[in-house]
Amino acid sequence: MSTQTLFPDRNLAMELVRVTEAAAISAARFMGLGDKEGGDKAAVDAMRAFLKTVNMQGTVIIGEGEKDEAPMLYNGEKIGNGRGPAVDVAVDPVEGTNLLALGRPNSIAVIAVSEAGSMWDPGASFYMNKLVVEKQARDAIDIRLSPTENLRRIAEALEREVNDLTVFVLDKPRHRDLIAEIRSAGARISLHTDGDVMGGLMAAIPGTGVDVLMGIGGTPEGVITACAVKALGAGMQGRRAPQKEDEKARLAAAGTDLSEVLTQDELVRSDNTFFAATGITEGAFLEGVHFDRKGGVTTHSIVMRSATGSIRFVKGIHRI
């Protein structure tokens, strides 16, 4: 039996970017129309259709929800053409459905893949406190410490001052105290209504204008982010941070230790991860989908693989 049937190979990354390109193009037709469900469905349909052609035996670990709630790309769904390696798959056909519906920046289509059995299943955990930094600062962070202390340690690792750092934070009421503390520490803040996968990606890549991601976001998005962080050799830590009463009750009933620190290596227990993202709406990091006058479409994507450390920026010109 060839190793290609056992492990994800180098060709898989370029197949995955075709999936995110298709999702982004389909979703982009809904930009600014105020119909986030329509945009999300278009992306899901396109992503699912292209996934059928990919040479893998995939299981959706992070999808659109449970089967009864998500008829397509649900958790546990089998995807791929049934040949090739057995893999775990995490998808977010539209990260930032509100951004798409309102025509705001940084909506993206995302997929991540790792070896079968390696992705952490969030289960009843919907929210997670996250901390993401680039490679040079990965050993400096400790999510158990205060934001102020982490910023001091990150600045030291990057050989900068705290007031030179920019922190990506979701603009949510739950972050009122966090925002106040970051400002008090002297760091700058980039506030975003949605999109912490994009925030984690920008924090993990040097030179994007974002140095750190802090705050509470989706737990499933944390697993997706971890695949990118591993590909970049960057640093990530997270802890469950339930926000709703039913979530708290289910985690308590399961005896879950909310103080447990989850690094990228706990979130994805594989050194062979793939990550692909394509911009839907315009962004400072990834450009959005451009519809040309003569029926062509241009997309901008990033593709990464942890086993090789390869990072590719892909400009696709499509004739529709």
For this session: Can you sort out the partners of Lys294 under side-chain hydrogen bond (donor to acceptor under 3.5 Å, both in side chains), two or more places apart, ordered by chain and number?
Result: none

Exercise. Hey, are Thr299 and Lys315 close enough side-chain-wise for a donor-acceptor pair under 3.5 Å?
Worked result: no

Problem set entry | Sidechain N-carboxylate O distance under 4.0 Å for Glu245, Lys248 | yes

Seminar exercise, completed: All heavy atoms of Val223 vs all of Pro122, minimum pair found to be CG2-CG, 4.3 Å

Exercise. Among Val197, Ile111, Leu267, Val268, which residue meets the side-chain contact (heavy atoms from CB on, under 4.5 Å) test with Ile224?
Worked result: Val197

Exercise. Quick one: do Arg153 and Glu156 make a salt bridge, cutoff under 4.0 Å?
Worked result: no

Exercise. Applying the 4.5 Å side-chain criterion to the ILVMFWY set and letting contacts propagate, would Leu131 and Val229 be lumped into a single cluster?
Worked result: no

For this session: For Ser107 and Val94, work out which heavy atoms get closest and say how close.
Result: OG-CG1, 3.5 Å

For this session: Mind checking side-chain contact (heavy atoms from CB on, under 4.5 Å) for Lys36 and listing every partner two or more places apart, or none if nothing turns up?
Result: Thr97, Asn98, Ala101

Problem set entry | Pairs involving residues 298-320, ordered by first then second residue, that meet ring pair (Phe, Tyr, Trp, His ring centres under 6.0 Å) (sequence neighbours left out) | Phe285-Phe313, His290-His300

For this session: In plain terms, say whether Lys41 and Glu37 are close enough for a salt bridge, that is, a side-chain N and a carboxylate O under 4.0 Å apart.
Result: no

Seminar exercise, completed: Sequence neighbours excluded, the answer for side-chain hydrogen bond (donor to acceptor under 3.5 Å, both in side chains) partners of Thr148 is Glu181

For residues 198-210, please give each side-chain donor-acceptor pair under 3.5 Å, one per line with the distance, not counting sequence neighbours.
unit_1, atom_1, unit_2, atom_2, d
Thr208, OG1, Met202, O, 2.7
Thr208, OG1, Val210, N, 3.3
Thr208, OG1, Val210, O, 3.4

Exercise. Counting distance only, does the side-chain N/O of Asp88 pair as donor-acceptor with the main-chain N or O of Gly117 below 3.5 Å?
Worked result: yes

Exercise. Hey, what do you get for CG (Asp40) to CG (Asp35), rounding to the nearest 0.5 Å?
Worked result: 10.0 Å

Problem set entry | Set of residues satisfying ring-ring contact (aromatic ring centres under 6.0 Å, His included) with respect to Phe168, sequence neighbours excluded | His192

Exercise. Is a donor on one side and an acceptor on the other found under 3.5 Å between the side chain of Arg305 and the backbone of Ala13?
Worked result: no

For this session: Work out which heavy atom in Asn81 is nearest to a heavy atom in Arg83; give both atom names and the distance.
Result: OD1-N, 2.9 Å

For this session: Could you walk me through whether Val314 and Glu21 pass the side chain to side chain contact (heavy atoms under 4.5 Å, CB included) test, one step at a time?
Result: CA-CA 10 Å; Val314 180; Glu21 286 173 342; 4.2 Å; yes

Problem set entry | Inter-residue atom distance Leu51.CG - Lys78.NZ, 0.5 Å rounding | 14.0 Å

Exercise. Sequence neighbours excluded, which residues qualify as salt bridge (charged side-chain N to carboxylate O under 4.0 Å, His left out) partners of Lys135?
Worked result: none

For this session: Please tell me if the side chains of Asp45 and Ser26 come closer than 4.5 Å, counting only heavy atoms from C-beta onward.
Result: no

Exercise. Between Ser270 and Ser114, which heavy-atom pair has the shortest distance, and what is it?
Worked result: CB-CB, 4.2 Å

Exercise. Would you say the side-chain atoms of Glu247 pair up with the backbone N or O of Tyr127, donor to acceptor, closer than 3.5 Å?
Worked result: yes

May I have the list of side-chain donor-acceptor pairs in residues 249-262 shorter than 3.5 Å, sequence neighbours left out?
unit_1, atom_1, unit_2, atom_2, d
Thr256, OG1, Leu251, O, 3.2
Asp257, OD1, Ser259, N, 3.0
Asp257, OD1, Ser259, OG, 2.6
Asp257, OD2, Ser259, OG, 3.3
Glu260, OE1, Arg240, NH1, 3.0

Problem set entry | Asp142 and Arg144: CA distance, side-chain angles, deciding distance, salt bridge (charged side-chain N to carboxylate O under 4.0 Å, His left out) verdict | CA-CA 5 Å; Asp142 187 339; Arg144 297 168 297 183; 2.9 Å; yes

Exercise. Which pair of heavy atoms, one from Ala231 and one from Thr273, lies closest together, and at what distance?
Worked result: N-OG1, 4.2 Å

Problem set entry | Close side-chain approach of Asp196 and Thr225, heavy atoms under 4.5 Å | no

Problem set entry | Arg48/Glu77 ion pair, N-O < 4.0 Å | yes

For this session: Could you tell me which residues satisfy side-chain hydrogen bond (donor to acceptor under 3.5 Å, both in side chains) with Arg160, sequence neighbours excluded, listed by chain and number?
Result: Asp211

Exercise. Should Ile79 and Phe275 be regarded as members of a common hydrophobic cluster, given that ILVMFWY residues are connected when their side-chain heavy atoms come within less than 4.5 Å of each other, either directly or indirectly?
Worked result: no

For this session: I would like to know whether Arg152 and Glu149 meet salt bridge (charged side-chain N to carboxylate O under 4.0 Å, His left out); could you show each step before the answer?
Result: CA-CA 5 Å; Arg152 187 194 66 77; Glu149 179 60 18; 2.6 Å; yes

For this session: Nearest 0.5 Å please: distance from the CG atom of Leu16 over to the CZ atom of Phe274.
Result: 7.5 Å

For this session: Only counting residues at least two apart or in another chain, list the ones meeting side-chain contact (heavy atoms from CB on, under 4.5 Å) with Ala22.
Result: Ala46, Phe50

Problem set entry | Leu191-Val212 co-clustered via ILVMFWY side chain contacts under 4.5 Å | yes

Problem set entry | Partners passing side-chain contact (heavy atoms from CB on, under 4.5 Å) against Thr263 (at least two apart in sequence or in another chain) | Gln237, Asp265, Glu266

Exercise. Does CG belonging to Asp271 count more than 12 external heavy atoms closer than 6.0 Å?
Worked result: no

Exercise. If Ile, Leu, Val, Met, Phe, Trp and Tyr residues are connected whenever their side-chain heavy atoms lie under 4.5 Å apart, and connections chain through other members, are Val110 and Ile311 in the same group?
Worked result: yes

Exercise. For the atom pair CZ (Phe126) and CG (Asp246), what is the distance rounded to the nearest 0.5 Å?
Worked result: 6.5 Å

Seminar exercise, completed: Closest non-hydrogen contact found for Asn75 with Gly63 is OD1-N, 2.7 Å

For this session: Only counting residues at least two apart or in another chain, list the ones meeting side-chain contact (heavy atoms from CB on, under 4.5 Å) with Leu102.
Result: Arg104

Problem set entry | Verify same cluster id: Met236, Met304 (apolar side-chain graph, 4.5 Å) | yes

